[in-house]
Amino acid sequence: MGTVNGMTVEGATVPTITLNNGVEIPQFGFGVFQIPPADTAKTTLSAFEAGYRHIDTAQMYQNEEGVGQAIADSGLGRDEVFVTTKLNNDGHGTESAVSALEASLRRLRLDHVDLYLIHWPIPAKDLYVQTWKGFERLLADGKARAIGVSNFQPEHLDRLARETKVVPAVNQIELHPRLGQVELRKYHEQRGIATEAWSPIGQGDSLTEDRIVELAGKYDRSPAQIVLRWHIQHGSIVFPKSSNPERMRENIDVFGFELTDDDMTAIDNLNQEKRRGPHPNLFGA
Ligand code: NAD
């Protein structure tokens, strides 16, 4: 139970995943990509009202202030909300990664984030190892309770393993039924890296797949709930975006049913290795 914006609301019952440094992350959160800065405080407050307690933002989204305002206005305690932000592509480098988080914290009105990610590896800049060393310092200083990466490929993770000390707690990757990322998920599992799925419903694309629509009928659930449940049963962390309070509630309501193994496999079989976003090696250079 907690107070949000003067109202007493219960957080949704969401399991947590224990990251490789012991920090617990709610497996279901709310992503604020493409929410206009001026709407972010209101939309994030609606998400809190719908029971969300984990927010995924980024410097690139330019809406950290709105997230910070929503947290301040909500009345929720700092330890009741899990906040992730990500380093922008122009902030690579040890010192700039540190100062970029300090600027994020001012915008978020927080003294620490729960998770700080390198948004893209940008191999052409070849600075992600130095950047990670800045992240290690932020972790040691308590400015981030956990540190991780996003859009990293195995070769980037291998290099961090060779040249730095801390294993990333998560890798946030594009992952949805049309892009199953089977090999990368296996790689994460072997190394104790949690998988976070971005665009978990394929920005809406997954919802019109015949098989998904058919399963929605079978389980008497919406297509979005079927896809989100598939992620949850695979152990991935998800944070779909919606500005519509009804859909926010619908999306997080995936803990009262279970897909059979055969239906999980049927969704696995929709994989076409088809990305919506750019290839991680090419973006941000
Ligand atoms: P998403 O898969 O969450 O889809 C969002 C779209 O689906 C929106 O258009 C929304 O209106 C629609 N939608 C949501 N719920 C619905 C429902 N129940 N029924 C019908 N339509 C529904 O895509 P996303 O926003 O790209 O990804 C989610 C989050 O992932 C982002 O907000 C962001 O936090 C993160 N992300 C990270 C990266 C990265 O590079 N690390 C890239 C993209 C997104």
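In listed order, ligands and their atoms are each counted from 1. Count residues from 1 along the sequence.
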Please tell me if atom 9 (O) of ligand 1 is touched by the protein, where touching means a protein heavy-atom distance below 4.0 Å.
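Given the 4.0 Å limit, the answer for atom 9 (O) of ligand 1 is no, no protein heavy atom qualifies.
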
[Y] versus [X], side-chain donor and acceptor atoms under 3.5 Å:
X: N271; Y: Q181; result: no
X: S199; Y: E174; result: no
X: N281; Y: H156; result: yes

Is the distance between the ring centroids of [X] and [Y] less than 6.0 Å?
X: F30; Y: F239; answer: no
X: H231; Y: F28; answer: no
X: H92; Y: Y128; answer: no

Using a 4.0 Å heavy-atom threshold (strictly under), name the region of [X] that reaches ligand 1: side chain, backbone, both or neither.
X: S150; answer: side chain
X: S199; answer: both
X: V32; answer: backbone
X: L117; answer: neither
X: L207; answer: side chain

Within less than 4.0 angstrom of ligand 1, does [X] place any heavy atom?
X: Y61; answer: yes
X: P200; answer: yes
X: G202; answer: yes

Distance under 4.0 Å to a non-hydrogen atom of [X]: what atoms of ligand 1 satisfy this?
X: G31; result: 32 (O), 34 (O)
X: A224; result: 17 (C), 18 (N)
X: W120; result: 40 (O)

Between D56 and K241, does at least one N-O distance fall below 4.0 Å, as a salt bridge requires?
no

R53 bridged to E80 by N-O distance under 4.0 Å
no

I'd like to check whether [X] has a polar contact with ligand 1, where a contact means an N/O of the residue lying under 3.5 Å from an N/O of the ligand.
X: Q203; result: yes
X: P240; result: no
X: S242; result: no

Evaluate salt bridge (charged side-chain N to carboxylate O under 4.0 Å, His left out) for D263 paired with K218, printing each intermediate quantity in order.
CA-CA 10 Å; D263 291 335; K218 171 175 167 184; 2.7 Å; yes

[X] side-chain N/O to [Y] backbone N/O, donor-acceptor pair under 3.5 Å:
X: N63; Y: I35; answer: yes
X: S206; Y: I201; answer: yes
X: N20; Y: G192; answer: yes

How far does CD of Q233 sit from CD1 of I267, to the nearest 0.5 angstrom?
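If I round to the nearest 0.5 Å, the distance is 8.5 Å.
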
Supply the atom-to-atom distance L215 CG to E209 CD, rounded to the nearest 0.5 angstrom.
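It is 11.0 Å, given to the nearest 0.5 Å.
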
To which protein heavy atom is [atom] closest, and what is the distance rounded to 0.1 Å?
atom: atom 37 (C) of ligand 1; result: Q172 OE1, 3.1 Å
atom: atom 40 (O) of ligand 1; result: N151 ND2, 3.0 Å
atom: atom 14 (C) of ligand 1; result: K241 O, 3.1 Å
atom: atom 34 (O) of ligand 1; result: D56 OD2, 2.7 Å
atom: atom 15 (N) of ligand 1; result: N251 ND2, 3.0 Å
atom: atom 7 (O) of ligand 1; result: I201 CD1, 3.5 Å

Nearest non-hydrogen contact with atom 29 (C) of ligand 1 belongs to which option: F33, W198, F239?
F239

For atom 17 (C) of ligand 1, which of the options K86, R247, R276, H119 provides the nearest non-hydrogen atom?
R247

